[in-house]
Amino acid sequence: METAELKKTIEALLFISGKAISKDRIATVTDSRPVAVEDAINELKLEWNSGRHGVFIEEIGGGWQISTRPECADYIIKLYPWKGVLRLSPSAAEVLSIILYKQPVTKAQINEIRGVDSQASVATLLKNSLIKYSGRKKAPGNPRLIRISENFYHIFGIRDISDIPSWKDLAEDSRSAEEPEIDETAAEETAQEDE
Amino acid sequence: METAELKKTIEALLFISGKAISKDRIATVTDSRPVAVEDAINELKLEWNSGRHGVFIEEIGGGWQISTRPECADYIIKLYPWKGVLRLSPSAAEVLSIILYKQPVTKAQINEIRGVDSQASVATLLKNSLIKYSGRKKAPGNPRLIRISENFYHIFGIRDISDIPSWKDLAEDSRSAEEPEIDETAAEETAQEDE
Amino acid sequence: MKKVVNPGIPVGAKDYFVKIDVFEGPLDLLLWLIQNNNMDIYDIEISKITSQYLAFINTHEFDIDSPAEFLAMASLLIRIKSSLMLPKETEEHQLALDEKRALTEKLLEWKKIKASREILLSKFRERKNLFRRDEPAAIELEKKSALSVFELADIFGRIIKKGFHKFEEITGPEIYIEDVIKELLERIRSGEELKFSQLAFQNPTKLYVAVLVLAVLELTNKKLVTIKQARPFTDIYIKPVLSAVSGKNITEQPSGGESFYGNG
């Protein structure tokens, strides 16, 4: 296949795939030598990766894929809210708030504060890397201690620890306000987060 | 949003989606006026649709999508063999026509119009997402109602309902040809039924 | 697709051997017969059509996909034909006229469906080589929480206000010097040389940097690391003291106690 045709074909394959395709796979499908595929992709990169486009060709795990530019992420999330949003169930949010303000805590302490078993919520939060186990409490049974993880800061968009409000100040505010402003509806419909 | 940024964003949105996105949806997501979206897409079309690329932007079912060029078809089928399996038998096309013009219809109504049982064709069309069940008829047995689905527009390359002759214009008989009156209202009604 | 040859019924001389697709159903056959006879669809000659229809299904019973439907049509035609032979005043004759009109309606509708079928089939052929992706692309976006930290604070505030629990002083989020020391030790265990700027960058907050300084000083004090700076305002390098690091000191909690630094 001559270069221009190969380039066209690779564009079509990458667009239709939406995920990474290996060089060998492209070579097999297009009946070309891997070297030719690589050359064609390098030429395509020159065209697509200028920053003028909303998508670019990226090498991922030994293959290539088309990715969207980071500056377009906000619009993609608006188009597919489930793609980049972590939604927590009300109980997971409760557990997270306890860990945030009481860390380090044990699971037993969380259960005691909430009055219900929090195992499922802790598992969800761990899975999403919002919290981590770190160290053990010097107490009978040496229970594991739970803390907020670094990822928490990214997910909640906090730059600085001083961005975390003092719950006391908010509690003062909400005493004067009629109702604490919590988006119950958003939390309720979303027991677990989407992929 | 200025034009260059809007163009980039639309590229990213079209790539991510795969399926057609309507002008209004793009306008909402990008917080732009529909006119600006249309202008940006026209500019993108000039860049993309030259034939130099393996993909192009096309209008489908009232929205825009990225499609691969026909000359790349063989390679796409080699990569994704299932993409090439859709066959449309004359009887399936017939059933589809009935649904297109009579929607929403029940299976019984389709059988009645064709004079034969259409179960197999309905099943094939459903499997290929050309039609969908949507609601139930308020009638004895509450039969399910069938409609054309979004994929229909893509498979047949229909930009909007005006690409299809109105019911009245279909196979005009010699007798009614004497009064060639186009029933605008009928076409509009059909347009509204489609989504 | 099965092909059948014109069954030899009397037709215009123009198409003696007409190859046609096998009839989809009785309406298909009926329409074909009407067109072959150049008959007005609005005024079907029932007796002529009925005999041709019956002749066809008699000779092609094995080609027919759904015989029940073809037979139902046959009996309808026979009924209309015989009722129309009765005097015009009879109820049966009037009923047959209605049925004949209804049949015309169905045939007209059928013609339209067939026309649409042809349009769809040709559009389908035109586009059979065009593809798109039907699913959204698999991309990784960094996840953002739907909840804000303010909402988290509020949730916590409400838990506290329930009043079941007496808390000792709540100080807010904390960074423990033990944690930082432990992390530093883990990283230098491999003999890695750490740059202070790199460490500070992973959590660029005043509090963390302050604790980091304390942690590094603590480790220096314990002779577990050495620190080096080429000249003022350049980066500080933290190097393991290898003999000490490989010793068992490293796995112990370096400094115990409840020393922590919080924003409360």
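Within every chain, numbering begins at 1; the chains are lettered A, B, ... in the order of the sequence lines, protein sequences first and strands thereafter.
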Do C:N37 and C:Q52 meet the criterion of a side-chain donor-acceptor pair at a distance under 3.5 Å?
yes

Please look at C:I113 and chain B and tell me whether the side chain, the backbone, both or neither of the residue comes under 4.5 angstrom of a heavy atom of that chain.
both

Taking atom types as modelled, find out whether C:R117 and B:S97 have a side-chain donor-acceptor pair closer than 3.5 angstrom.
no

Cut-off 4.5 Å, heavy atoms of chain C, and the answer for B:L86 is both

Based on non-hydrogen pairs under 4.5 Å, which of C:R132, C:K114, C:E109, C:R133 is most in contact with chain B?
C:R132

Out of B:V95, B:L88, B:I66, return the one with the most heavy atom pairs under 4.5 angstrom to chain C.
B:L88

Which value, rounded to the nearest 0.5 Å, describes the distance between B:F56 atom CZ and B:Q65 atom CD?
8.0 Å

Between B:E47 and B:K7 (salt bridge meaning N to carboxylate O under 4.0 Å), is one present in this structure?
yes

Look at B:A92, B:C72, B:P165, B:A93 and state which one has the largest set of heavy-atom pairs under 4.5 Å with chain C.
B:A93

Using a cut-off of under 4.5 Å for heavy-atom pairs, which of C:A115, C:A72, C:S116 has the most such pairs with chain B?
C:S116

Under 4.5 Å heavy-atom distance to chain C, tell me which part of B:I76 shows up: side chain, backbone, both or neither.
side chain

So, are C:K106 and B:E112 salt-bridged, with charged N and O less than 4.0 Å apart?
yes

Contacting moiety of B:N151, where chain C heavy atoms sit under 4.5 Å:
both

Region of B:E71 in contact with chain C, defined by heavy-atom distances below 4.5 Å
neither

Check for me whether B:K23 meets the cation-pi criterion with B:W64, that is, NZ or CZ under 6.0 Å from the six-membered ring centre and within 45 degrees of the ring axis.
no

Assess whether atom NZ of B:K83 is packed by more than 12 heavy atoms of other residues, nucleotides or ligands within 6.0 Å.
yes

Could you look at C:E135 and say if it's the side chain, the backbone, both or neither that has a heavy atom under 4.5 Å from chain B?
backbone

Please state whether the side chain, the backbone, both or neither of B:S91 comes within less than 4.5 Å of a heavy atom of chain C.
both

Can any side-chain N or O of C:R127 pair as donor or acceptor with the backbone N or O of B:H154 at less than 3.5 Å?
yes

